[in-house]
Every structure is written in C-alpha cells, then in structure tokens.
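I have placed the structure first, in the form of structure tokens, so that the comments after it can refer back to it.
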Amino acid sequence: MSRTALRICPLCEATCGLTLTVEGTRVTGARGDRDDVFSKGFICPKGASFGAVDGDPDRLRAPLVRTGGALREATWEEAFDAVAAGLRPVVERYGPDALGVVLGNPNVHTVAGALYPPVLLGALRTRSLFTASTVDQMPKHVSSGLLFGDAHAIPVPDLDHTDHLLLIGANPLESNGSLCTAPDFPGRLKALKARGGRLTVVDPRRTRTAKLADRHLAIRPGTDALLLAATAHTLFAEDLVDLGHLAPHVEGVDDVRDALREFTPEAVAGACDLDADVVRALARELAAAPTAAVYARIGSCTVPHGTLASWLVDVLNVLTGNLDRPGGALFPQAATDRTPRPAGPGRGFALGRWHSRVRRLPEAKGELPLSALAEEIDTATDQGEPVRALLVVAANPVLSAPDGDRLDKALASLDFMVSVDPYLNETSRHADVVLPPPPPSQSPHHDFAFNTFAVRNQVRYSRPAVPLEPGRMPETEILARLVLAVTGMHGTDPAAVDAMVVDQTLGKAVTEAHSPVHGRDPRELATRLTGDDGPERRLDMMLRLGPYGDGFGARPDGLTLEKLLAHPHGIDLGPLRPRLPQPLKTVSGKVELLPGPIAGDLPRLREALRERPAGLVLVGRRHLRSNNSWMHNVPALTGGSNRCTLHIHPADAARLGVTDGAPVRVRGAGGEVTAPAEVTDEVRPGVVSLPHGWGHDRPGTRLGHAAGVPGVNVNQLLDGSLLDPLSGNAVLNGVPVELAASR
Ligand SMILES: Nc1nc2c(c(=O)[nH]1)N[C@H]1C(S)=C(S)[C@@H](COP(=O)(O)OP(=O)(O)OC[C@H]3O[C@@H](n4cnc5c(=O)[nH]c(N)nc54)[C@H](O)[C@@H]3O)O[C@H]1N2
Ligand SMILES: Nc1nc2c(c(=O)[nH]1)N[C@H]1C(S)=C(S)[C@@H](COP(=O)(O)OP(=O)(O)OC[C@H]3O[C@@H](n4cnc5c(=O)[nH]c(N)nc54)[C@H](O)[C@@H]3O)O[C@H]1N2
Ligand code: SF4
Ligand SMILES: [Mo]
C-alpha cells in the first residue's frame with residue numbers, strides 16, 4: 001500500500017516542496033508539490049531522484065567504531081562512550097583549540113545542522129573552526145559584515161520584479177541558485193525576459209544560463225572585481241550615480257569615487273579581456289533600468305579578489321539606488337530571524353580577532369580557512385597546540401578543499417576523529433567513530449538558513465515523512481549527545497541541551513525592550529511551547545519570538561508551530577520589502593560604503609590591472625544532477641553528461657595536440673590529475689574546466705557505485721596557498737595549470 005507525504009527537498013538551496021510516494025518505509029517516488037506556497041510544483045532531476053538518494057544501500061545504518069585498526073558496527077551507546085573517551089581528554093589536556101571542528105555544506109540543509117553546531121561551539125570555545133564557507137561564500141559574509149555591520153545581512157536580487165539582472169559567476173540553470181533561494185530559478189529568469197527585462201551574464205563559460213542571456217561576457221577568470229570597479233567608475237564619470245531613497249542611509253560615496261579613480265574601462269579592458277565600450281554599456285544600462293539588481297556567486301567569490309568583488313556588487317546596487325527597493329536587491333526577513341531590534345548604531349564587524357597557528361591567517365566570522373586545516377594538524381609551531389582531534393559534521397574536505405592528499409595524511413595522523421556522516425567516504429574513512437544520521441525521509445525539515453536568502457518571504461516545515469527505522473537516531477539527538485560528550489557531560493539526557501537553549505533564549509528575550517515578551521516570566525513562556533520534541537519546541541520558540549510570531553500571545557494572529565503545522569504547504573509571508581535602516585549594525589548606523597579593510601585591499605587590485613598571465617587557467621563547473629562530492633553514488637544521477645571531463649576550447653586543444661576523449665594530464669601547484677578531454681567552445685580560449693567533488697578512488701570507503709566511476713579530484717591541483725586575504729576563502733577559480741596530452 002502506498003501513501004504520499006510532503007517533504008521539502010534538501011538537495012540544493014532552492015528548497016522545493018516535494019510530494020513523496022512512500023511504500024512501507026521506502027520512498028518510491030517524488031513529484032513537485034503543486035500547492036507549495038513557494039515552489040508551486042517545481043522539481044528538478046535531483047529532486048525527482050529523492051527516493052534513490054534517500055534509499056542508497058551504501059548509507060550507513062549503524063555507528064562505526066574503530067577497534068583494532070578497523071571500523072566495525074557498534075551500538076549508539078558504545079559509539080558515544082568512544083567519542084567521550086576519545087575527544088574529552090584532548091580538550092582537557094591540550095585545551096579547546098586542539099579539538100578542531102569541521103562543518104560541511106549539508107549543515108545548512110538540516111534542522112540538526114542549524115540548531116546544534118552553535119551550541120557546540122559556544123560550549124567548546126575552540127578557535128579551530130573550519131567550514132565549507134571558506135571554499136564558498138565567505139567573501140560575501142565579510143563584505144556584508146563590513147558594509148552593513150552584519151555578516152549575515154546579504155541582499156538578494158528581487159528576481160520576480162526586477163527589470164534588469166546582472167548575473168556574475170553563477171549558473172543557476174545547473175546549480176538552481178545560491179544565496180538566492182528561488183525554486184524554479186530558470187523559470188523566474190525566463191519570466192524576467194518575458195516581461196521585457198534584461199539579463200546579462202558574466203562567465204568565462206557559455207553556460208546554459210549564459211545562453212538565456214541578452215548579453216554574455218566571457219570574462220577572463222578572476223577579474224570580476226576589475227570589471228565591477230570600472231562599472232562603478234563609469235557611473236561616477238558619467239554622472240549616473242543616483243542613490244535615491246538610500247541617500248540618508250549611506251556614508252562614504254565620495255571616498256569610493258576617489259578610491260576607484262584609476263579603474264577606467266580602458267584600464268581594466270586588457271586584464272578582463274573585454275571591450276572598454278562594453279564596460280561603459282553595462283554601467284549605462286544598470287543606471288537606466290527602472291530597477292536593476294547585481295548578483296554574483298561562486299565565480300566571483302572563489303577568486304583572489306573575492307571580497308572586493310562581493311563588495312563591488314553591493315556598491316553598484318547602492319550607487320544605482322537599487323539596494324533595498326523592490327526590483328533591486330533586498331534583505332529578506334525570515335520567520336525564524338530574531339525579533340528585529342530598533343534601527344541604530346551597532347557594534348560593527350571585526351576581522352582577524354585571532355589567527356591561525358601556522359600561516360598566521362586571520363579568522364573571519366570566527367572561522368579559519370579550510371585551506372589551512374591540513375597544516376594546522378600536521379605542522380608544529382611554538383604558537384600553541386596543533387589540532388590533535390577533529391569533529392567533522394557533514395563535510396568531505398578531502399575532496400572539497402585544496403590538496404586532499406595532504407589532508408588525507410593529516411587526518412590519518414590525528415589522535416582521534418569523529419565524523420557525523422551517512423557515508424563512509426574519502427574523509428569519514430579516517431574517523432575513529434562514524435555517527436550516521438538517518439536519511440532525509442526520516443528527518444524533519446525547515447530552512448533556517450535558506451529562508452534568510454529567499455526571493456520571497458515564506459515559511460514551511462516538514463515533519464519526517466517516514467518514521468525512524470529501528471536502530472536509528474535522529475541527527476538532532478546525535479548532535480545534542482556530541483555537545484554533551486565534548487563538554488564533559490557524557491551520559492546526561494540530551495533533552496537537557498534543548499532545555500538549556502530555551503532557558504537562555506527566553507531569559508534573554510524577556511530583558512529586551514523591543515521583544516514582544518519583554519518583562520514576562522521565562523519559565524511560564526517555556527511551559528507554553530508546543531512540539532513533539534526538543535528541536536520542535538525550539539522551532540516553536542523561534543517562530544513565536546520572530547518578526548511574524550505570536551509573541552506568546554502578544555500578537556494572537558502571529559506564527560506558532562501549531563499554525564505552521566496546520567499549513568502543510570507553507571505560509572506565504574509576502575514579497576521582499578524595504579527594511580533599511582533596521583538591518584544595519586555598523587558603528588555609524590549607516591551603510592559604510594568604503595570600509596577600512598576594503599580600502600586597504602584596493603592596492604592589490606590596482607596591481608591586478610597590470611597582470612596578464614599567459615598560460616591556461618582552470619575554472620570549475622556544476623552539473624544539474626550532482627551536488628558537491630556526495631551524490632556520485634546514485635546511479636540515476638551519474639552517467640550521461642554528468643562526467644568528470646576536462647572542458648577545453650578547440651583552439652587550445654589544437655595548439656596543445658589534445659583530442660576529444662583522450663586523456664590529458666593537468667598539472668597545478670598542488671599536484672597532477674589525468675582526465676578525459678571534452679573539446680568544446682563552451683569554454684573561452686585560455687580556460688579549461690573540471691567539476692569538483694570527484695576522485696572516489698581511495699581505499700577504505702563504502703561507495704560502491706561512485707568507486708566504479710571515480711573521476712578525479714580537481715582540488716588536488718591546488719596547494720592551498722592561494723587565498724582571498726580578507727576572507728581566507730580558497731581560490732578555486734582562475735587557477736594556473738599546465739596541460740600535457742597523456743601517453
Ligand atoms: N574546486 C572546487 N571545490 C569546491 C567547490 C568548487 O566550486 N570548486 N565548491 C565548494 C563549495 S561551494 C562547497 S559548499 C564545498 C562543499 O564541501 P563539503 O561540505 O565538504 O562537501 P559536500 O560534498 O557537500 O559533503 C558533505 C558531506 O556531508 C555528508 N552528508 C550528506 N547529507 C548529510 C546529512 O543529512 N547529515 C550529515 N551529517 N551529513 C550529510 C555527505 O556524505 C558528505 O560527506 O565544496 C567546495 N569545493
Ligand atoms: N547541481 C548542483 N547544484 C548545486 C551544487 C552542485 O554541486 N550541483 N552545489 C551547491 C552549492 S554548495 C553552491 S555554493 C551553489 C553554487 O551555485 P553557482 O554559483 O551558481 O555555481 P556554479 O554552477 O558553479 O556557477 C559558477 C559559475 O562561475 C563561473 N566562473 C568561474 N570562474 C569565474 C570568474 O572568475 N568570473 C566569473 N564571472 N565567472 C566565473 C563558472 O564557469 C560557473 O559557470 O550551487 C549549489 N547547487
Ligand atoms: S531544484 Fe533543488 S530543491 Fe528543487 S527539487 Fe531540485 S534539488 Fe531539490
Ligand atoms: Mo557551496
């Protein structure tokens with residue numbers, strides 16, 4: 001007998017609502033939920049394969065514990081005993097920094113990943129925190145921190161209403177969008193064009209997104225900051241700057257004008273490999289459009305000037321008056337955001353409050369660069385303890401970070417390592433204990449993270465679609481037990497973790513004058529929380545304290561968990577609305593358009609005006625039926641065009657004697673890989689492209705299908721030395737490489 005169940009898709013940032021077909025405890029089908037308030041029935045091939053991803057027979061069913069050198073299945077009790085016995089002595093003997101924490105991408109796709117890592121880090125107080133953010137969007141956080149005083153205040157293009165979209169280094173037709181949560185991103189781009197809007201795409205590859213554009217600029221990789229600086233320069237030079245409604249909220253406009261004086265279209269044209277006139281046209285079109293938004297992603301962040309490029313994106317949004325207005329780029333307001341405090345000066349954003357031990361790299365947002373993880377483990381210094389033990393939650397840095405071979409060895413040298421991961425893969429194979437979360441169908445879902453980047457305010461929650469299988473533990477409980485194990489409270493009831501968070505949160509809320517519960521009794525409020533378990537009660541609390549919440553009775557029509565559960569297809573909270581100055585937390589209380597660290601980094605960009613590397617550079621790419629490193633074990637999602645090939649332009653191929661399909665050796669600073677060539681004019685000359693997340697050929701994993709079509713690890717070409725200095729983000733695009741036809 002089959003039934004259906006609703007489940008928000010966790011497989012990318014678009015957060016589509018799915019209707020699952022369930023037979024017994026197995027998901028046998030998935031289609032788009034037509035009644036979902038946000039995704040309205042959209043589904044992509046990955047979502048349609050939800051059942052195959054969910055039911056992958058290689059997913060671990062029980063914890064693994066290393067005994068006598070080998071990983072063996074164990075009970076949960078044995079596993080947590082081993083975790084406490086392995087991690088706690090390291091913290092007690094060497095201090096918290098000796099215990100490193102690595103958080104990977106899926107943490108932003110799970111309830112557990114949103115609710116427990118902050119508690120863990122708050123209790124542990126380690127400075128050795130590494131996350132996927134520093135191989136991804138850290139430049140955007142730093143730029144937002146500096147501009148707006150809040151690293152999480154990231155403006156999102158008003159996709160459904162804008163008249164003009166300048167889209168840089170993103171390929172939403174494959175990725176389905178990032179830092180811009182929009183189910184059916186392709187459909188929304190087509191709608192933009194259908195209503196007479198204009199789309200410009202900047203990408204060294206002629207992607208599916210670029211093919212949709214009115215104009216495609218095949219820029220030389222790594223030079224977007226130059227292009228954007230010259231666009232801003234042109235706005236000043238041609239008197240096109242018009243802040244409009246933003247004027248009272250912005251300081252430093254003249255300083256930006258002065259700082260960008262050298263970046264004329266002619267000055268950047270050579271480095272970007274674009275016509276000066278095209279740069280001028282970009283500026284004129286942006287200024288002339290009734291509304292416009294500049295939006296940039298991976299290709300603009302994972303480059304040497306990632307923070308400057310991210311900053312310039314919002315500088316352009318400000319200079320054209322498009323920040324914080326409908327049709328421009330706005331700050332979403334999620335239902336689980338904290339109660340907005342009144343507008344006014346804040347504490348600002350600090351960088352470099354501490355540094356890594358080996359290279360003295362500055363922290364950003366409390367994190368050290370993932371590129372520095374291996375050396376923080378394998379290199380002794382007189383600056384303190386190396387990382388001796390590691391707690392890895394939902395991360396596979398052996399494939400996703402630079403120089404996996406070095407990291408592989410470093411992980412093998414640790415005193416103790418714990419992985420919370422459904423797979424025994426390239427990274428978790430080094431763990432002493434592997435704690436597998438249940439598959440998505442058995443987990444609840446709410447988009448704590450992505451609703452803060454969504455193109456429409458809305459709220460949705462799915463309870464587990466399938467009951468927890470016997471022997472499984474919810475990931476929320478796994479992480480709560482880890483909090484206890486690393487803080488010396490192993491054996492305590494994990495519900496205590498949620499109770500503590502509730503106490504602290506309500507205790508603080510009642511003291512805040514702007515809170516709807518100001519002056520009330522936190523214990524009494526806690527008794528009013530509903531929900532089946534601790535995580536649900538915490539969600540209820542966040543909803544009720546949040547901007548749309550019922551304020552525990554203060555606003556009877558407001559949101560509660562009960563109300564949300566009564567709306568299984570979600571609740572629409574309306575289009576994005578202007579919010580300034582409330583989100584600003586800068587010291588001045590304004591948008592600080594030329595922050596000190598940015599000004600300090602501009603000389604490096606001026607030097608880049610003169611750089612013209614002669615050789616080939618490498619960029620990445622994503623495929624619709626893939627997701628970073630962990631979806632290559634699902635037969636339905638591999639094969640066809642989702643293969644790990646080296647894209648190379650016909651002119652380069654002819655010059656280097658590379659033929660289609662033949663193996664090519666690619667050499668970079670960190671090593672060498674051999675991949676089959678795919679000769680295509682979809683990459684521009686001078687650029688080759690390999691996707692990331694492949695290289696599933698290491699021993700000791702349990703990835704039956706992936707091991708059969710392993711591909712190569714593009715990140716082995718990197719040695720981890722190339723970083724964007726302000727954010728510590730890895731340079732993954734525009735990396736110099738050499739090719740040789742393989743014999
Ligand atoms: N060259 C190059 N490298 C890149 C990129 C690039 O564009 N080019 N992109 C970068 C980007 S944007 C990112 S975000 C990183 C990603 O880097 P990572 O986060 O390290 O990589 P993922 O492949 O997303 O790995 C996630 C891990 O989580 C596990 N997992 C899956 N679902 C769950 C779950 O529900 N719970 C738990 N606990 N674990 C789960 C998977 O098995 C896998 O081991 O890679 C980066 N690396
Ligand atoms: N199908 C699929 N979807 C995914 C993922 C996946 O692996 N597969 N990963 C998810 C994750 S973790 C993330 S962060 C998002 C990322 O989402 P996107 O940012 O949309 O990611 P990409 O598709 O890699 O697009 C980046 C584009 O930048 C281009 N590029 C490279 N270098 C440069 C440059 O110097 N300048 C410019 N202008 N462009 C450049 C590349 O050619 C590429 O087309 O996708 C998410 N969605
Ligand atoms: S677009 Fe993303 S969220 Fe939507 S179905 Fe596909 S993978 Fe899932
Ligand atoms: Mo990412």
Side-chain angles (χ1 to χ4, degrees), residues 10-14 44-46 53 59 102-110 112-113 131-137 167-180 185 201-210 217-224 227 296-303 309 370 392-402 419-428 435-440 443 475 478-479 617-633 637 642 683 687 689-693 703 713-715 717-718 730 732-735:
L11 304 181
C12 86
E13 299 184 29
C44 85
K46 256 194 297 184
V53 173
R59 277 181 187 266
V102 181
L103 302 175
N105 170 272
N107 282 302
V108 285
H109 296 276
T110 64
T131 86
S133 293
T134 51
V135 284
D136 188 348
Q137 83 289 358
L167 186 147
I168 299 158
N171 185 11
L173 265 75
E174 305 280 358
S175 71
N176 284 310
S178 178
L179 297 187
C180 176
F185 207 126
V201 170
V202 183
D203 196 309
R205 301 185 309 117
R206 197 172 69 253
T207 60
R208 285 173 60 211
T209 308
L217 303 179
I219 194 167
R220 195 166 67 74
T223 64
D224 298 84
L227 169 67
R297 243 350 321 268
I298 281 286
S300 73
C301 283
T302 53
V303 288
L370 191 59
V392 181
V393 184
N396 190 8
V398 169
L399 294 190
S400 52
S419 270
V420 183
D421 207 287
Y423 286 106
L424 190 60
N425 65 15
E426 297 75 14
T427 297
S428 62
L435 303 166
S443 306
E475 188 165 11
I478 295 175
L479 296 194
V617 294
L618 175 82
V619 301
R621 69 175 187 270
R622 281 175 162 74
H623 191 283
L624 188 57
R625 285 179 297 121
S626 185
N627 188 38
N628 298 336
S629 75
W630 70 277
M631 265 176 229
H632 301 145
N633 205 50
L637 297 176
N642 181 17
V683 280
V687 177
S689 167
L690 264 179
H692 71 284
L703 297 165
N713 178 11
V714 64
N715 286 326
L717 299 171
L718 307 172
L732 306 170
N733 280 294
V735 178

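Note that ligands are numbered from 1 as they come in the structure, with each ligand's atoms numbered from 1 the same way. Residues take their numbers from the sequence shown, with the count starting at 1.
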Taking both backbone and side-chain atoms of H623, is any N or O found less than 3.5 Å from an N or O belonging to ligand 2?
-> yes
Basic-acidic side-chain contact under 4.0 Å: E174, R621 = no
S629 side chain to N396 side chain, donor-acceptor N/O pair below 3.5 angstrom = yes
Do D421 and T427 pass the side-chain contact (heavy atoms from CB on, under 4.5 Å) test, and can you show the C-alpha distance, the side-chain angles, and the key distance before you say yes or no?
-> CA-CA 10 Å; D421 207 287; T427 297; over 6 Å; no
S300 to ligand 2, any heavy atom closer than 4.0 Å | no
Measuring from each atom of ligand 1, which residues have a heavy atom under 4.0 Å away?
-> G104, N105, P106, T110, A132, V135, D136, I298, A394, A395, N396, P397, S400, V420, D421, P422, Y423, N425, P437, E475, R622, N628, S629, W630, H692, V714, N715, L732
Counting from 1 in the order shown, the ligand 2 atoms closer than 4.0 Å to a non-hydrogen atom of I168 are 38 (N)
Would you say K46's side chain and C12's backbone share a donor-acceptor pair under 3.5 angstrom?
-> no
Going by heavy atoms in the side chains, are T207 and R622 under 4.5 Å from each other?
-> no
Looking at K46, which atoms of ligand 2 are within less than 4.0 Å of one of its heavy atoms?
-> 1 (N), 2 (C), 3 (N)
Indicate yes or no for a side-chain donor-acceptor contact from N715 to the backbone of L399 under 3.5 Å, with no hydrogens or angles considered.
-> yes
Considering the heavy atoms of D203, write down every atom of ligand 2 situated less than 4.0 Å from one of them.
-> 27 (C), 28 (O), 29 (C), 39 (N), 41 (C), 42 (O), 43 (C), 44 (O)
Under 3.5 Å, side chain of T223 to main-chain N/O of R220, donor-acceptor pair present?
-> yes
Are the side chain of H692 and the backbone N or O of G620 linked by a donor-acceptor pair below 3.5 Å?
-> no
For G222, the ligand 2 atoms with a heavy-atom partner under 4.0 Å come out as 34 (C), 35 (O)
N176 N/O to ligand 2 N/O under 3.5 Å | no
Please assess D224 against V202 for the test side-chain contact (heavy atoms from CB on, under 4.5 Å), listing each intermediate value before the final yes or no.
-> CA-CA 8 Å; D224 298 84; V202 183; 3.6 Å; yes
Can an N or O of P221 be found at a distance shorter than 3.5 Å from an N or O of ligand 2?
-> no
Would you sort out whether T110 and S443 count as a side-chain contact (heavy atoms from CB on, under 4.5 Å), showing the intermediate values?
-> CA-CA 8 Å; T110 64; S443 306; over 6 Å; no
L624 vs N176 side-chain heavy atoms within contact, under 4.5 Å | yes
Ignoring angles and geometry beyond distance, decide whether V202 reaches within less than 3.5 Å of ligand 2 through its nitrogen or oxygen atoms.
-> yes
State the atoms of ligand 2, each with its element, that fall below the 4.0 Å cut-off from a heavy-atom position in T207.
-> 44 (O)
For ligand 2, which atoms have a heavy atom of D224 less than 4.0 angstrom away?
-> 34 (C), 35 (O), 36 (N), 37 (C), 38 (N)
Is there any N or O on R205 that sits under 3.5 Å from an N or O of ligand 2?
-> yes
Within a distance under 4.0 Å of any heavy atom of L624, pick out the atoms of ligand 2 and give their elements.
-> 1 (N)
For T302 and D136, indicate whether the former's side chain and the latter's backbone hold a donor-acceptor pair under 3.5 Å.
-> no
